[in-house]
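No hydrogens, no waters, no symmetry mates; every other heavy atom, side chains included, goes into these values.
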Amino acid sequence: MTHEVIMAGFGGQGVMAIGKILAETALKTGKNVSWLPSYGPEMRGGTANCNVIISEEEIGSPIVTSATAALVLNLPSLEKFENSIVPEGALLVNSSLINKEASRKDIRTYYIPANDIASEIGNSKVANMIMLGAYLEASGAAQQQEVAEIIAELFGSKKPELVTLNKEALSKGAEWVRDH
C-alpha cells in the first residue's frame, strides 16, 4: 500500500520533524520514500507543511495530490488540507488547538487533544509526537517500535532524556486512537 501523508501546522510545532522521522523510519525498513517540506515565509509561527510518501513501488513525484491521511495541528491547516484527503482516508485533528469539526463525512476523522496530552506527560513540545503516534495507530504506515528506534538514533547521543519522553508521547497518541 502507498501512504501519501500531509502534515501541517504552524512553524515551530514540529511538523517537519515528525515528517522526517516517519520518512527515515520507512526508509530504514526498506520502503521507497519521499519527504517534501514547505515553509511559509514567516518560519516560526508561519505555516509549515510537509508531504511524506511511503510505498513499496517507485514514487513518481514527491507531491501529495491525493492524501491517504492528513495530520493537522492548527485551524488554517484543517481548512487548507481537509479536501485533499481521498474518500475513506484519515484526518487527524489536534483538537487542543482546533475547535472546528471536519466538514467531510466520507473520511475517518480523529480528534486528538495532543497539546493537552503533552501537558499531562510533562512537556507541551511533544504534541507533534502524540499526533505521529495517533497516525501510526490509525494507518499502520510504520510500527511504533520502528519509529522509536529512529528517535533513539536521532536524539540518543545528544539528548537521551528526549528519547523516553518522545516514546511515551508516541504511545499516548496511539492509545488515544485505540480508546476513542
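- In this structure, the side chains of Ile21 and Asn166 stay at 4.5 Å or more apart for every pair of heavy atoms.
- The line from CD of Glu175 to CD of Gln144 is 10.0 Å long, rounded to the nearest 0.5 Å.
- If you take CE on Met7 and CG on Leu132, they are separated by 5.5 Å, rounding to the nearest 0.5 Å.
- The same ILVMFWY cluster, assembled from side-chain heavy atoms under 4.5 Å apart, contains both Tyr39 and Leu71.
- A 4.5 Å side-chain heavy-atom check between Trp176 and Ile130 finds every atom pair outside the cut-off.
- Look at Lys172 and Glu120 and you find no salt bridge, because none of the NZ, NE, NH1 or NH2 atoms lies under 4.0 Å from a carboxylate O.
- Scored by the side-chain contact (heavy atoms from CB on, under 4.5 Å) test, Asp106 finds Pro87, Arg104 as partners (sequence neighbours excluded).
- Nearest heavy-atom pair, Ser77 versus Gly9, reported as atom, atom and distance to 0.1 Å: OG-N, 3.3 Å.
- Between Leu91 and Val72 there is a side-chain heavy-atom pair separated by less than 4.5 Å.
- Note: the hydrophobic cluster containing Leu165 also contains Ile151 (ILVMFWY, side chain heavy atoms under 4.5 Å, direct or indirect links).
- Contacts classified as salt bridge (Lys or Arg N to Asp or Glu O under 4.0 Å) and involving residues 121-135 (residues at least two apart or in different chains) are not found.
- Within the structure, side-chain hydrogen bond (donor to acceptor under 3.5 Å, both in side chains) pairs that include any residue of residues 55-71 comprise Thr2-Ser55 (at least two apart or interchain).
- Once rounded to the nearest 0.5 Å, the distance linking OG of Ser171 with CE of Met129 reads 12.0 Å.
- The CG atom of Asn128 sits 7.0 Å away from the CG atom of Leu73 when rounded to the nearest 0.5 Å.
- No path of Ile, Leu, Val, Met, Phe, Trp and Tyr side chains, each step under 4.5 Å between heavy atoms, connects Val64 with Leu36, placing them in separate hydrophobic clusters.
- Residues passing the salt bridge (Lys or Arg N to Asp or Glu O under 4.0 Å) test with Lys159: none are found, sequence neighbours excluded.
- For the pair Trp35 and Glu24, the minimum side-chain heavy-atom distance is 4.5 Å or more.
- Rounded to the nearest 0.5 Å, atoms CD1 (Ile121) and CG (Asp116) are 12.0 Å apart.
- Val126 and Val93 are not part of a single hydrophobic cluster, where members link through side-chain heavy atoms under 4.5 Å apart.
- Gln143 has its side chain out of reach of Leu136: every pair of non-hydrogen atoms, C-beta onward, lies at least 4.5 Å apart.
- Note on Val147: it does not cluster hydrophobically with Leu27, by side-chain heavy-atom contacts below 4.5 Å among ILVMFWY residues.
- With values rounded to the nearest 0.5 angstrom, Glu82 atom CD is found 11.5 Å from Ile6 atom CD1.
- Glu153 is linked by a side chain to side chain donor-acceptor pair (under 3.5 Å) to Lys28, counting only residues two or more places apart in sequence or in another chain.
- Remark: Ser139 pairs with His3, Tyr135, Ala141 by the side-chain contact (heavy atoms from CB on, under 4.5 Å) rule, at least two apart or across chains.
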